Every structure is written in C-alpha cells, then in structure tokens.
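Here the structure comes first, spelled out in structure tokens, and everything after it is commentary.
Fair warning: this is a prediction, and the values are worked out from it, not measured in the lab. In what follows, chains carry the letters A, B, and so on, assigned in the order in which the sequence lines appear, proteins first and then strands, with residues in each chain numbered from 1. Note: hydrogens, waters and symmetry copies are ignored here, and every other heavy atom, side chains too, is used.
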There are 2 protein chains.
Amino acid sequence: MSASDETLAKKIETALTGRIVSGRLQPGARLRQDRIAEEFGASHVPVREAFRRLEARGLAFSEPHKGVRVTSFDVAELREVAEMRASLEALALRHAAPHVTATLLREAERATERAEKARDVGEWEEANRAFHRMLLEPCGMPRLLAAIDDLHLASARFLFAAWRSDWEARTDHDHRAILAALRRGQVDAACDVLARHVGWMGRRGGARQSVEIEVAEKLLD
Amino acid sequence: MSASDETLAKKIETALTGRIVSGRLQPGARLRQDRIAEEFGASHVPVREAFRRLEARGLAFSEPHKGVRVTSFDVAELREVAEMRASLEALALRHAAPHVTATLLREAERATERAEKARDVGEWEEANRAFHRMLLEPCGMPRLLAAIDDLHLASARFLFAAWRSDWEARTDHDHRAILAALRRGQVDAACDVLARHVGWMGRRGGARQSVEIEVAEKLLD
DNA sequence: ATGCGCTCATGGATCATAGATAGTCCGGCG
DNA sequence: CGCCGGACTATCTATGATCCATGAGCGCAT
C-alpha cells in the first residue's frame, strides 16, 4: 500500500510519519526541506506539502521562515492523548457494538493473542492497534475513526520512545474483558472497561516514560 | 490577526476556510489551484499547501491528479460531529472547571447575552463559539482544544448552510444552566448539561437541515 | 556589547511533464 | 444508411523541478 501512494508528497509523508512515530526522528529534530528533498530525489515542493500534513496531524510544527521541527511531547501530552482516546474510543464502541459480529469478535480475539505473543514493541503495537481498530470500525463514523487513528499515532510515539529495546509482552486482561462484555451484549460495561483501559495507560505510562522522554528530548540536528 | 499571517499559504488557507465555512464555497465545489493562485496574485505552490491543510481539517478532499473539492456533508456527519463535540467538550470542561475564575464566568455570561442579542447567524455563531472556547480554554490541553476547534468549524458549516437568511435568536437556557452549575461547583452536572446541549444540537438540527443541505449539495462549477 | 555584513535555509515564482478528460473520428453492427 | 461503441488525439489541469528573493541566524569587527 505504501509502495506507490501515487503522489510523491504522500510517499514522503508516510515515510516521515514512520520515522517520527518509530522514534528514528527524535522530538525537536529539525526537518530541512532540501535535505529531505535530496534524499528522496525530489524537489522541495512535495516535501513542503508533506510537512503541512505532518503539521496538521500534530507530528511536526513549523515556525514561519524558521523551518519545521518534530513536535516534542511531554507527560502532560501523553495524559491528554490518553484521555481523548478514552472518550472517543468509548463513543465509537458504543456505536459500533450493535454491528459487531461473532466473526469480528473472533478476529479481535486473535489480535489479542498476537499481541500477547509479540516479541518486540513494534509487533505488539501493530496487533494492539489492530484490535482497537477492528472493534471500532463498524461504528461507521469516518471522522471519528480518523481522529482516533491520529491519537493512536501519538500513543505509538510514546510507546516507541519509552521502550526502545527492553520489552516483555504480558497478557492483556482488559482486552479479554472487553470481548467478554461484548459477547454478553453488555455494551456499557465494555465501553467502561475500554475507557479505563486507555485512560490508565496514560497515568501508568507517565512514570515509566518520564526518564527516557527527557533523553529523547535533546534536540538532534 | 488574519491581516498578515506572515506566510502566503496561511493567508490563503484562512481565506478559503472562511469561504467554505460561511458557505460561499459550497460542498462539492471544485478548487482549481491556478484559478485561486491567480486570484490571490500568487503561484500554485502556496495554494497547494493551503489545500493540504484544508484537507487535514476535513474541509476539503483531494483525489490524486483529479483535483481538490470542498467536502460535502450529510446529516450523518452532523450527528457525528455533534457527538464528538459532546464527548470532547465534556472532557475539556471537567479539566477546565477547577481553573475557571469568577471573572471568566462573568465574561461567559456576557458572551451568552451577546448571542441572545445577535441579529444574524454570523454574530450568533461567533458569540456562541466564544462562550464555549472561553469555558474550555483553562483546561490547558492544547491538542484537545485544537480538535474541538476543528469540530466547531464543521458545526459552523452546517449552521450557515441551514440558516442562510432567516434567523431568530432565542435565549439559551443551556448556557445559563452550565454557568449556574459551575458557580455552585457542580462540575459533573455542568459537564452533563454541556454534553446534552451539544449532542441535542446534532439530533435537532438534522430534521431542520436535511432539506437545504440537499440544495447545497448540488455541485457548483 | 552592538551593529554590520555574510551565509544559508525558507518561501515563492516560473517553467516542464504527466495524467485525466472530453471531443472526434473511424469501424462495426443493426 | 444511420447509429452506437471504442480508440485516438488534443486540451486542460495537477504535479513536480528548477530558479530567485527575502528573511533569519551567525560571526566578525568596531
């Protein structure tokens, strides 16, 4: 899918998002348009377009005539993102629940297992996001889903910044609880667990990450 | 503030957002880059950058090599926006409440009065948005506030599309109820009223608008 | 310390290319 | 003989490259 996104600007955009989210481009890092243009064998025009999209998604910010930098994040923003996710994902699940099929629940189950068997953060993040996406998709609210996707991206940045190498997968009781509640048709309960699950991540992650975030925050040319 | 936003792209962006939100650019209308460039005495480069930002904010969408169009909206999206606003504004208010001062409440009161005395939709929308913005600002969550702003923009589009000329201001009991609850420190109650207030707008507006939305949806040029 | 000038990156204009659309012409078929 | 379908071409528009100017940052000299 990302092989030929048709337009150069999109290709550059996805490449850069990948680097920012994965942490290869650290917070505060400066994005120099002609450096990047040169790297992609392009001119600065599509690069600038990519910048504008990164900006809108909150991954970068630009100061006029001063250039573009990767946005830095602090613990406050992690909490912010977590709480927004809690609100919006609960809303989405409430609307999605009536349309969730048994097949979908089984697939979600598999995603959870995949997450538990993950060997590194990357795999876990992928599986975890798939789980959430899968359950919420049937709500049929594209704008809401897009907003949630952006928040997941931000979450992923924290994730990768905090656990770079050391990592152990643990069984995710919350995910199973959500699935169980949905099977019984207890929509409110499922939403509650989901909201708490996501919000908790915000509070829990804070302590763990604060140290390494600081490390990550030193500006990198 | 919009007088000299420094960069051309930003100026074009704000101009276009204004036109789209106000309805001067109707849903489905095609945005031709060199037409617009010519109009602003610019080249297509900053115009394209403005497009990307509009796109990210959900005001326009682009198909590769086919151009950019103003997004069309239907009743479903109105409900979606309303529910997202309900969730997020409640969240914001919950965090803002502890930092809301008496002075701020008085200013909010004045905004409500201004809305009630509004002579046209434009004035009302401005005052109404000011009221909401004002109360939520102290939450100190920039990402959340930005998201809410975008949703307000979308709401405003519906507003202007539905009530183009005929309009009568009515006293806003919900606003006063929110202020009263906040004065008494009943945060939960305030959030409830706010959520219901915004969500109700979604359901109520639907019937009223469906007719004229269709009118607005005929593609222009 | 402060002001001047040098350098470099950003923002923008102009010029080239490629993709899409529409109009037309030709051939086949009724 | 006329009508329809499909392919080809021509034009128009979006995308991208190259080129230019203005503003920012920095060092040097006073």
Side-chain angles (χ1 to χ4, degrees), chain A residues 1-17 19-20 25-57 59-72 218-221, chain B residues 1-17 19-20 25-57 59-72 218-221:
Chain A
M1 165 193 157
S2 81
S4 85
D5 271 325
E6 286 296 356
T7 101
L8 245 178
K10 263 206 165 71
K11 271 191 267 188
I12 296 174
E13 183 208 349
T14 55
L16 290 182
T17 37
R19 284 185 207 176
I20 294 176
L25 274 173
Q26 296 197 352
R30 196 168 164 189
L31 299 174
R32 274 178 290 200
Q33 54 181 231
D34 25 6
R35 174 95 77 188
I36 295 173
E38 190 185 23
E39 180 193 339
F40 283 86
S43 83
H44 77 262
V45 180
V47 176
R48 292 179 62 78
E49 291 185 31
F51 283 175
R52 298 286 100 81
R53 287 203 264 235
L54 296 180
E55 215 183 329
R57 272 166 138 192
L59 295 176
F61 72 97
S62 83
E63 290 179 286
H65 293 279
K66 287 189 60 180
V68 178
R69 287 173 175 275
V70 177
T71 49
S72 55
K218 64 164 186 248
L219 309 192
L220 181 74
D221 184 22
Chain B
M1 164 191 158
S2 81
S4 86
D5 271 325
E6 286 295 356
T7 101
L8 244 179
K10 263 206 164 72
K11 271 192 267 189
I12 296 175
E13 182 209 350
T14 55
L16 290 182
T17 37
R19 284 185 208 177
I20 294 176
L25 275 173
Q26 296 198 354
R30 197 165 162 191
L31 298 173
R32 275 179 287 202
Q33 56 181 229
D34 21 7
R35 175 96 78 186
I36 295 173
E38 190 185 24
E39 180 193 338
F40 283 86
S43 83
H44 77 261
V45 181
V47 175
R48 291 181 63 76
E49 291 184 31
F51 282 174
R52 298 295 161 263
R53 286 203 266 236
L54 295 181
E55 214 183 328
R57 273 166 139 192
L59 294 176
F61 71 99
S62 83
E63 290 178 287
H65 293 282
K66 288 188 59 178
V68 178
R69 287 173 175 275
V70 177
T71 50
S72 55
K218 61 164 188 251
L219 309 190
L220 182 72
D221 185 21

Requested in this report: Nearest whole angstrom, please: distance from the P of dA14(D) to the CD of E49(B).
Outcome: 16 Å
Report summary line: Comparing V45(A) with G67(A), nearest DNA chain C nucleotide closer to 5' gives the residue G67(A)
Query raised in the report: According to a strict under-4.0 Å criterion, is R48(B) in side-chain N/O contact with OP1 or OP2 of dA14(D)?
Result: no
Requested in this report: Please figure out whether H44(A) or H65(A) has its closest DNA chain D nucleotide nearer the 5' end.
Outcome: H44(A)
Report task. Could you tell me which residues satisfy side-chain contact (heavy atoms from CB on, under 4.5 Å) with T17(A), sequence neighbours excluded, listed by chain and number? Result -> T14(A), L54(A), R57(A), L59(A)
**Report entry** Rounded distance (Å) that lies between atom P of dT22(D) and atom CG of L8(B)
**Finding:** 14 Å
Query - Sugar-phosphate only, base, or nothing, as touched by D34(A) at under 4.0 Å among non-hydrogen atoms - result: base
Requested in this report: Would you name the heavy atoms of P46(A) and I12(A) that are closest together and state the gap between them?
Outcome: CB-CD1, 4.2 Å
**Report entry** Contact nearer the 5' end of DNA chain D, comparing K66(A) with A9(A)
**Finding:** A9(A)
Query - Residues R53(A), E55(B): salt bridge by 4.0 Å N-O rule - result: yes
Query raised in the report: Closest approach of Q26(A) and V70(A), non-hydrogen atoms and distance?
Result: O-CB, 3.5 Å
Query - Heavy-atom pair of closest approach, residues E49(A) and R48(B) - result: OE2-NE, 2.6 Å
**Report entry** Interface limits on DNA chain C, where chain B has a heavy atom under 4.0 Å of a nucleotide atom
**Finding:** dG12(C) to dT21(C)
Report task. Could you state the atom-to-atom distance from CZ of R32(A) to P of dG25(D) in whole Å? Result -> 14 Å
Query raised in the report: Which part of the nucleic acid does I12(A) contact within heavy-atom distance under 4.0 Å: base, sugar-phosphate only, or nothing?
Result: nothing
Query - Nucleotide dT18(D), atom P - distance to CD of Q33(A) in whole Å - result: 14 Å
Query raised in the report: Hey, does F51(A) have a side-chain heavy atom less than 4.5 Å from the side chain of L16(A)?
Result: yes
